[in-house]
Amino acid sequence: VQLQASGGGLVQPGGSLRLSCAASGSILSINDMGWYRQAPGKQRELVAGMTSGGSTNYAESVKGRFTISRDSAKNTVYLQMNSLKPEDTAVYYCNAEGVRLARFTPTLILWGQGTLVTVSS
């Protein structure tokens, strides 16, 4: 069971990127899925999260620019990033919490491998 992220790259300021992250393996359910990022010399921070019920939360710095969405049937989470700024440059990690592989078993926390987003002219 693992998370596989994709969609990072180099984009000019003001541009857009869409990140995807799919959970593979035999999974019964996932509670929360989200995206974190870590810029050089900084701590990892939450960018956006989404519960299984559809509730979302965003970092103040990305509100109005980024949108998280989720396809629960495919165990996939997306991050649409618009109006990108140089300060959005970071390695973006997807995260899944409350991952249950079978009934009555402990839940897991999964992290993706990280995908680099560089915003530069």
Distance (rounded to the nearest 0.5 Å) between T67 OG1 and M50 CE
10.0 Å

Between the CE atom in M81 and the OH atom in Y92, the distance rounded to the nearest 0.5 Å is 5.5 Å

According to side chain to side chain donor-acceptor pair (under 3.5 Å), who are the partners of Q43, at least two apart in sequence or on a separate chain?
none

Across all chains, not counting sequence neighbours, the side chain to side chain donor-acceptor pair (under 3.5 Å) partners of S16 are N82

Any pair counted as salt bridge (charged side-chain N to carboxylate O under 4.0 Å, His left out), so long as it reaches residues 24-40, sequence neighbours left out
R37-E45, R37-D88

Contacts of A48 that satisfy side chain to side chain contact (heavy atoms under 4.5 Å, CB included) - sequence neighbours left out:
Y58, I68, L79

Considering only residues two or more places apart or on different chains, which pairs with a residue in residues 8-121 satisfy disulfide bond (SG atoms under 2.5 Å apart)?
C21-C94

If you link I, L, V, M, F, W and Y whenever their side-chain heavy atoms are under 4.5 Å apart, who else ends up in the same group as Y36?
L46, V91, Y93, I109, W111, L116

What's the separation between atom CG in L110 and atom CG in N95, rounded to the nearest 0.5 Å?
8.0 Å

Using the side chain to side chain contact (heavy atoms under 4.5 Å, CB included) criterion, which residues pair with S72? Sequence neighbours excluded.
R70

Taking atom CD of E87 and atom OG of S61, what is their separation to the nearest 0.5 Å?
8.5 Å

Can you tell me if T89 uses its side chain to pair, donor with acceptor, with the backbone of V119 under 3.5 Å?
yes

Applying side chain to side chain donor-acceptor pair (under 3.5 Å), can you list everything that pairs with Q113, at least two apart in sequence or on another chain?
none

Selection residues 94-108 - residue pairs positive for salt bridge (charged side-chain N to carboxylate O under 4.0 Å, His left out), sequence neighbours left out
none

What residues form a side chain to side chain contact (heavy atoms under 4.5 Å, CB included) with K42, not counting sequence neighbours?
A39

S120: which residues meet the side chain to side chain contact (heavy atoms under 4.5 Å, CB included) condition with it, sequence neighbours left out?
L10, T118

If you group Ile, Leu, Val, Met, Phe, Trp and Tyr by side-chain heavy-atom gaps below 4.5 Å, do L3 and V117 land in one group?
yes

For E60, check salt bridge (Lys or Arg N to Asp or Glu O under 4.0 Å) against everything at least two apart and list the hits.
K63

